[in-house]
Undergrad: 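This is the structure I have questions about; it appears just below.
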Amino acid sequence: MMNMATMNTDGGSHHQAVITLEISSSTELASAQQRMRVLVISRVRLRRVDDYRRSDTDINTENDDNKLLSFPIYDGNSTLPPPVFMRILDALRSGNNRLVLREWKQGACWWNLNMNQGTRYLNGLDDSTTTTSSALDKVKSALSMARAEVAGYRLAKLALDSYHNCDVSNDNSNLHKKGMWLRDDDRYQKMYTPEVLYFSHDHCNTQRNVDDRCNIENNTPWAVLSYFDSSDTSKSTTQQEQKEVQVDCESLGVDKNWSGNFSFDTDTVNSTMKCRKRYPCHHFPTTMTKIRHEFGFDEPHPRHGRVPTDECLDYAIMILHDVVMPLQSYFFVMESADHAEIGSQPLVEHLRSIGWVDPTQQTPTVKPFQYHDMITVYRYALDRLSNANALRHVEGEKDERMDFLLGLLDQCINALSCEWVGSEGKPPPLPPVLCHMDLQPQNLFFCHINTNHEMNGGTSSAVTENGGHHNNKHIHSARNCSVASVMDWEEACYADPRFELLLICRKVVANRGQAEKVWQSYSDRVRQISECISLKRKTNTHWDVGCIEPWLKLETVHSLCTLLLQAMNLLGGGRNPWETTSDLWGKIDRERRRLVHMGWGFCDSFGER
């Protein structure tokens with residue numbers, strides 16, 4: 001039995017009601033770090049908090065017929081039925097009685113070298129004075145990732161809903177027509193953004209309070225999300241086609257006829273798929289290659305693979321069009337207009353989970369991660385590596401190769417600090433945005449519009465980069481594919497928008513020429529947005545994305561840090577590295593040679609060691 005009860009975070013009962021979901025079946029989903037299950041719900045109960053029994057929060061992981069998930073909810077306005085209850089009902093109707101239960105078991109944020117608790121170091125504070133048990137550290141790390149992913153989903157829904165619902169007849173019409181929203185309505189497809197319906201730590205006031213009072217056994221963070229399945233995108237579910245979920249909320253004094261009068265609005269539910277017939281597209285996830293020639297060398301990607309070289313540029317442009325620009329446009333407008341929403345409590349709390357807060361300030365403000373912040377993170381990583389290496393020396397395990405590599409890393413970090421000479425040591429400023437940081441095919445759902453070929457039941461045969469064949473009627477060329485939904489926001493961060501662009505240019509495309517095209521395409525669109533803002537608001541707004549090379553060097557040094565931390569077993573948590581020792585040294589050497597090709601001649605001498 002696994003207890004899923006939300007802990008009481010403030011010493012009193014602030015919850016007015018309890019929701020109980022009766023689960024008829026559950027299906028485990030594959031997940032590298034967390035646990036995910038699709039729950040089929042047969043009944044929803046809304047009860048007084050006095051009727052709440054703690055035992056109802058237990059989910060039996062065996063195949064029992066009676067599984068329950070209960071959680072207390074709080075509604076400050078005493079609205080009945082509570083809004084969260086209504087959202088759950090909407091999600092059940094649009095998801096064919098299904099919800100997703102996500103539990104965070106451990107945390108490993110790769111973009112910041114798994115230093116989820118490292119913001120004290122960014123502020124010059126010594127983190128070594130804090131001593132905690134390894135079990136508590138694991139909970140903190142998982143909780144940090146859980147908060148980041150929940151914030152990512154919620155901010156993405158806010159931004160994408162704003163983008164998708166923009167009305168050309170409203171005040172933003174000129175911005176839309178002049179490229180502000182950059183929507184190509186002939187190709188435009190509305191994306192579905194899963195909604196976080198309930199998060200176990202929503203009512204925790206601050207991260208510090210939660211961490212200090214952490215109950216390790218009962219503090220596993222978890223969330224209930226709306227369900228999305230790309231295989232359902234061509235279907236139009238109606239109330240008659242799905243089994244009705246029983247709704248019971250009489251114990252709260254709600255009219256017993258209320259649930260029976262609740263209408264199933266087929267015009268609003270699942271509206272994502274109703275603008276145009278769409279079908280699931282499995283082209284990219286099923287044609288990824290395990291070894292790809294990228295930036296001068298063959299690189300193995302045994303876990304998920306990479307998009308083949310001849311298609312990755314089309315894929316990258318699609319990601320820019322369908323995901324990156326819609327997300328970032330929302331933050332660009334908000335930043336430039338200085339909207340009040342940026343200072344509202346809910347938004348600030350979400351940003352707090354994916355940015356970093358300076359605790360030395362009397363009124364802590366949320367700060368985005370910037371280029372120079374990553375240099376600080378790399379220095380922290382170098383300190384950890386040097387201390388671990390020194391300990392090995394004391395224990396008689398001297399490794400001259402590691403000594404040389406740590407010296408190389410030190411020079412690389414110093415060189416990064418000199419990349420922006422003449423511009424105050426920083427790249428040209430851009431408004432901070434929400435970044436996903438892992439827009440690979442395994443984290444996305446895709447769809448395509450119907451064609452005569454598919455309507456007639458035809459199939460297509462795709463040839464992979466490795467020479468394999470896939471006979472699948474849902475495999476189509478990249479130009480017919482679009483993004484239906486973005487999942488897995490566990491790497492989400494509030495940062496310089498070029499962080500997202502950089503990972504597309506280095507991890508999605510395969511060579512410098514492709515990366516330059518993606519970078520230029522993004523630069524052109526950002527320039528369009530800044531010009532529209534200047535025209536609309538009569539301001540002198542000019543945004544310059546700048547050149548790509550310093551960012552490519554930053555990512556290569558990031559990779560060096562990651563590989564060296566793996567070699568010293570210092571990443572902590574998350575996936576076990578697949579590399580053998582020889583694999584790691586080979587990858588490190590290839591990254592070193594890439595830096596040589598980008599003009600850092602000092603890296604060449606280390607290759608002779």
Side-chain angles (χ1 to χ4, degrees), residues 1-10 14-15 18-19 21 26 28-29 31-39 54 57-59 61 69-74 84 88 99-110 112 114-119 132-157 194-226 346 349-357 487-494 572-575:
M1 303 285 279
M2 177 185 59
N3 191 282
M4 303 294 291
T6 304
M7 65 179 180
N8 190 350
T9 60
D10 51 12
H14 284 264
H15 305 290
V18 175
I19 292 178
L21 306 176
S26 64
E28 197 88 19
L29 300 179
S31 180
Q33 299 188 68
Q34 321 307 339
R35 187 179 187 192
M36 292 184 64
R37 283 172 283 175
V38 176
L39 310 179
R54 189 176 182 85
T57 64
D58 293 336
I59 292 181
T61 56
L69 172 60
S70 294
F71 43 91
I73 59 173
Y74 171 68
V84 64
I88 289 175
L99 299 172
V100 174
L101 175 62
R102 185 167 179 86
E103 304 162 60
W104 288 267
K105 298 296 186 181
Q106 55 187 339
C109 246
W110 299 99
N112 68 355
N114 198 25
M115 297 178 189
N116 308 60
Q117 309 297 328
T119 56
T132 59
S133 68
S134 59
L136 183 55
D137 284 339
K138 183 178 179 180
V139 170
K140 286 183 177 181
S141 184
L143 191 54
S144 176
M145 173 170 280
R147 283 202 181 95
E149 184 158 17
V150 168
Y153 271 113
R154 286 174 167 166
L155 287 170
K157 183 170 180 59
E195 181 179 4
V196 178
L197 303 166
Y198 186 85
F199 177 46
S200 59
H201 289 68
D202 266 339
H203 296 291
C204 303
N205 294 326
T206 65
Q207 182 170 337
R208 178 172 297 177
N209 288 343
V210 174
D211 293 344
D212 291 346
R213 291 196 295 268
C214 189
N215 183 325
I216 294 173
E217 292 183 355
N218 296 317
N219 204 57
T220 300
W222 59 277
V224 176
L225 294 87
S226 59
E349 286 304 312
H350 294 323
L351 294 178
R352 189 185 304 275
S353 299
I354 57 175
W356 64 278
V357 181
M487 306 293 177
D488 293 338
W489 288 85
E490 56 193 22
E491 299 278 345
C493 67
Y494 181 52
R575 311 177 186 96

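Small disclaimer: the values here were computed from a predicted structure and weren't measured. Note: hydrogens, waters and symmetry copies are ignored here, and every other heavy atom, side chains too, is used.
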Undergrad: Val196 and Asp202: side chain to side chain contact (heavy atoms under 4.5 Å, CB included), yes or no, with the steps?
TA: CA-CA 11 Å; Val196 178; Asp202 266 339; 5.6 Å; no
Undergrad: Hey, what do you get for CD (Glu149) to CG (Asp488), rounding to the nearest 0.5 Å?
TA: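 If I round to the nearest 0.5 Å, the distance is 6.0 Å.
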Undergrad: Specify the closest pair of heavy atoms between Val100 and Ser226, including all atoms of both residues, with the distance to one decimal.
TA: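 Smallest heavy-atom distance, with atoms named: CG2-O, 4.1 Å.
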Undergrad: Hey, could you give me the CG/CD distance between Leu101 and Glu28, rounded to the nearest 0.5 Å?
TA: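 Rounded to the nearest 0.5 Å, the CG-CD separation comes out at 9.5 Å.
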Undergrad: Any chance you could measure Trp104, atom CH2, to Met36, atom CE, to the nearest 0.5 Å?
TA: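 The distance works out to 8.5 Å.
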Undergrad: Whether the side chain of Gln34 engages the backbone of Lys105 through a donor-acceptor N/O pair (distance < 3.5 Å, no angle test) should be reported.
TA: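 Yes; judged by distance alone, with no hydrogens or angles, the pair exists.
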Undergrad: State the CG-CG distance between Leu225 and Leu99, to the nearest 0.5 angstrom.
TA: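 Atom-to-atom, Leu225:CG and Leu99:CG are 9.0 Å apart.
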Undergrad: Just verifying a value: how many Å separate Ile88 CD1 and Ile19 CD1, rounded to the nearest 0.5 Å?
TA: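 Those atoms lie 4.0 Å apart.
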Undergrad: Please report the shortest heavy-atom distance between Phe199 and Pro221, naming the atom on each side.
TA: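 For Phe199 versus Pro221, the nearest heavy atoms are CE1-CB, 4.3 Å.
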Undergrad: Testing the basics here: between Ile354 and Ala492, what is the closest heavy-atom pair and its distance to 0.1 Å?
TA: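 Residues Ile354 and Ala492, closest heavy atoms: CG2-O, 3.7 Å.
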Undergrad: Could you check whether any side-chain heavy atom of Leu155 comes within less than 4.5 Å of a side-chain heavy atom of Leu351, counting everything from C-beta outward?
TA: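 Yes, their side chains come closer than 4.5 Å.
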Undergrad: In terms of the angle between their ring planes, are Tyr198 and Trp222 parallel, tilted or perpendicular, with boundaries placed at 30° and 60°?
TA: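 Tyr198 and Trp222: tilted rings.
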Undergrad: At their closest point, which heavy atom of Leu39 faces which heavy atom of Ser26, and how far apart are they?
TA: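 In this case the closest contact between Leu39 and Ser26 is CD2-CB, 3.7 Å.
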Undergrad: Mind checking the CE-CZ spacing from Met487 to Arg102? Nearest 0.5 Å is all I need.
TA: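 Separation between the atoms: 10.5 Å.
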Undergrad: Taking the side chain as everything from C-beta on, heavy atoms only, tell me whether Leu143 gets closer than 4.5 Å to Arg147.
TA: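 SC-SC contact between Leu143 and Arg147 confirmed.
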Undergrad: Which heavy atom in Thr220 sits nearest to a heavy atom in Ser200, and how many Å separate them?
TA: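 Reported closest heavy-atom pair: O-OG, 4.2 Å.
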